[in-house]
Amino acid sequence: MSVVKQIKPLVTKALKELYNFDVDEDDLTINITKPEFEGDYTLVLFSFVKTLKKSPEVIGKELGDLLTAQHATIFHSYNVIKGFLNLTITNDYWINFLQTNFLAVHFGKKEPNGITVVVEYSSPNTNKPLHLGHLRNIFLGWSATEILKANGYEVFKTCVANDRGIHICKSMLGYQKFGDSATPKSTNVKGDHFVGDYYVQFEQVYKEQVKDLVSSGVNEEEAKKEAPMMKEAQKMLHDWEQGEPEVLTLWKKMNEWVYQGFDETYKRIGNEFDKVYYESDTYIIGKRFVEEGLQKGVFFKKQDGSVCIDLTADGLDEKLVLRKDGTSLYITQDLGLADEKYKDFQYNESFYVIADEQNYHMNVLKLILQKLKKPYADGIYHLSYGLVELPTGRMKTREGNVVDADDIMDEMVSVAAKHTEELGKVKDFSEAELKELYDIIGLGALRFFLLRVDPKKKMIFNPEESIDFHGFTGPFVQYTHARIKSILRKGKADPTYKLGSNELLPGEKELIVLLEQYPVMLEQAAEEHNPSVLAIYAFTVAKTYNTFYAEHSVMNAESADKKQLRLQLSEMTANVISSAMHLLGINVPERM
RNA sequence: GGCCCCGUAGCUCAAUUGAAUAGAGCAUCUGACUACGGAUCAGAAGGUUUCAGGUUUGAAUCCUGACGGGGUCACCA
């Protein structure tokens, strides 16, 4: 149990004893003591002043006296400055903590809690390759899953392939017209890129057609509808829905190419799903909901036959849930899919990793399910994340300023290779070992870059900054790990050695205090659904270790006791860094 | 226009259940390898937290208003 969690009941007990004052533990504010003051943890006293009618200085002194007297094994000393009670924890406590945990590989992780969560992420369209935005989504979904697992949840990863619709028909039509029966194999192009190229060709020709129509006097809106390419695409969509064999064959063939491409990318970043849903299957299943909603009086039918729900009382709008021709919409499918997933996994919570432009949609989805009194409705959580933008602004496929996922990965890996070669520290590595190392560093850098920012916030991807492997980056943390491992190859901590009541030096203590917080960080990351908590933490640990490393020698320590202490510290730092990084999906090398 | 989100160092980001002098990294400048890995470390400089009010012992954080930016309001997904 963390120190803070141990301290809180002691404080509430002391307040009761001293003043017969009842406080909820959650109402106590206990922070890390600022470095400019003496102490480890600080209790903020201001909130007691009013009810106790005593000055914070007096409360602090009385509380400090009692705590140090009653719990001398935990509290070494205290001081009061203004309204802050600064508590110093005993060295014995810290040393004991280190000694019992430094080899614990599962440090901070929790036992199963019986809660089942489904996380849906990635969910790409099958008409073009993945881009940087997908990577943020995938890394987030993957990491959120791992963090939940580490906190005791049972988690299933799912994905919806958006494999049907007008956008798919566009690339199909592009291929039909310009494909000349080429294949990814015959052209040696990765399947998803191959298909994406025809989507681009479609858009180009279509754009020309619209331009011609506009210049011949048609208004733009009309032109966009009437352009021959669009007409054809819509006909194809219709044919697809009618089950036209020729269209279906082409559709299957092209989707298969895309999936092969996606699989290659997923494999490279170590991603896999427990279950993939296909929109071509799910787009029908929402209709049952419409029936149910009508019966319950939650939905209403309009004169033209379309079905709506009135959400104005909840501050939202009127929302259409079924077209007048009886076909499903996006929201209809999502209703059905929620149910389907519930059947498959009996989840307590269902996460949707979807960009924040769909906040409204997700609000509507949850609200409708709540109105239908679905048992799983309250467990729906939109893990909303901000878009990745470039320094030049938002990425737009049509304007061609999209950072392709495969390209950026290649670039990061090649930068990693270049740096590694320049430094020449792993000259004895085999070809295969080098390849693996470059992937670990390059992809680790990319992952760290995308995960270090609070998911809720939009982020700017600066290509120049992303290939800098110094400072607040994945390689910095990896490097620290490799350096520790280098020491540990020279000497190991002896688990049977009993550390004495060491005077802890500031650099040593700072590190122990930080390591002790890992379980709290892990909890916070899960509660906030925020992997950046761990990225920032891992960086802080690495930085603190590097400072410690520069100040103190491990192998040539002043005494045998110090050497053991520092070996244990090193061992634990490596474990915690490795653990935190793995939860981000980042591997840490032994050497680099 | 309605609703939602955002505005912190030159740049990218922390700190938002209110707490001490708002922290990092990059970039800039100055230092450190005859101690275990220099993808490192130490230091300097850099701020009216967009602005104006308000609540509070205490505000980047909460409230009101203004300004600036983004998203959304499809019988698209």
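To find a chain, count down the sequence lines: A is the first, B the second, and so on, and within it residues start at 1. Bear in mind that the values here come from a model prediction, so they are computed numbers and not experimental data.
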Query raised in the report: Does B/A35 have OP1 or OP2 sitting under 4.0 Å from an N or O in the side chain of A/Ser553?
Result: no

Categorize [X] for me: base, sugar-phosphate, or nothing, with a 4.0 angstrom heavy-atom threshold over every strand shown.
X: A/Val453; answer: sugar-phosphate
X: A/Asn462; answer: nothing
X: A/Thr480; answer: nothing
X: A/Met592; answer: base
X: A/Lys456; answer: nothing
X: A/Ile460; answer: sugar-phosphate

Query - Contacts of type side chain to side chain donor-acceptor pair (under 3.5 Å), residue A/Asp356, not counting sequence neighbours - result: none

Query raised in the report: By side chain to side chain donor-acceptor pair (under 3.5 Å), which residues pair with A/Lys54, not counting sequence neighbours?
Result: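 If we apply the side chain to side chain donor-acceptor pair (under 3.5 Å) test to A/Lys54, skipping adjacent residues, the hits are A/Glu62.
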
Distance-only donor-acceptor hits, side chain of residues 470-480 of chain A, under 3.5 Å, sequence neighbours excluded:
from	atom 1	to	atom 2	distance (Å)
A/Thr473	OG1	A/Phe469	O	3.4
A/Thr473	OG1	A/Phe476	N	3.2
A/Gln478	NE2	A/Ile440	O	3.1
A/Gln478	NE2	A/Asn587	O	2.9
A/Thr480	OG1	A/Phe476	O	3.0
A/Thr480	OG1	A/Asn546	ND2	3.2

Query raised in the report: Any side-chain donor paired with an acceptor under 3.5 Å for A/Asn86 and A/Thr42?
Result: yes

Query raised in the report: With a 3.5 Å cut-off and no angle check, do the side chains of A/Tyr381 and A/His529 form a donor-acceptor pair?
Result: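 There is such a pair between these side chains.
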
Query raised in the report: Stems in RNA chain B: runs of 3 or more consecutive Watson-Crick or G-U pairs, distances under 3.5 Å?
Result: B:1-7 with B:67-73, B:10-13 with B:23-26, B:28-32 with B:40-44, B:50-54 with B:62-66

Requested in this report: Using the C1' atoms only, state how far B/G47 lies from B/C13, rounded to an integer number of Å.
Outcome: 15 Å

Query - P gap between B/U40 and B/G53, integer Å - result: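 Per the computed distance, 45 Å lies between those P atoms.
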
Query raised in the report: Strictly under 6.0 Å, is that where the ring centroids of A/Tyr330 and A/His361 end up?
Result: yes

Give me, pair by pair, the N or O atoms of the protein and of nucleotides 19-24 of chain B that are less than 3.5 Å apart, along with how far apart they are.
from	atom 1	to	atom 2	distance (Å)
B/A20	N6	A/Thr42	OG1	2.9
B/A20	N6	A/Asn86	OD1	2.9
B/A20	N1	A/Asn86	OD1	3.4

**Report entry** Lys NZ or Arg CZ of A/Arg591 over A/Phe429 ring: under 6.0 Å, within 45°
**Finding:** no

Query - Nearest-nucleotide pick for A/Asn556, side chain only, options being B/G38, B/A14, B/A35 - result: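 Of all the options, the side chain of A/Asn556 is nearest to B/A35.
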
Report summary line: In 5'-to-3' order, the base (B), backbone-only (S) or no-contact (-) status of each nucleotide in nucleotides 70-77 of chain B, using a 4.0 angstrom heavy-atom cut-off, is -SSS-BSB

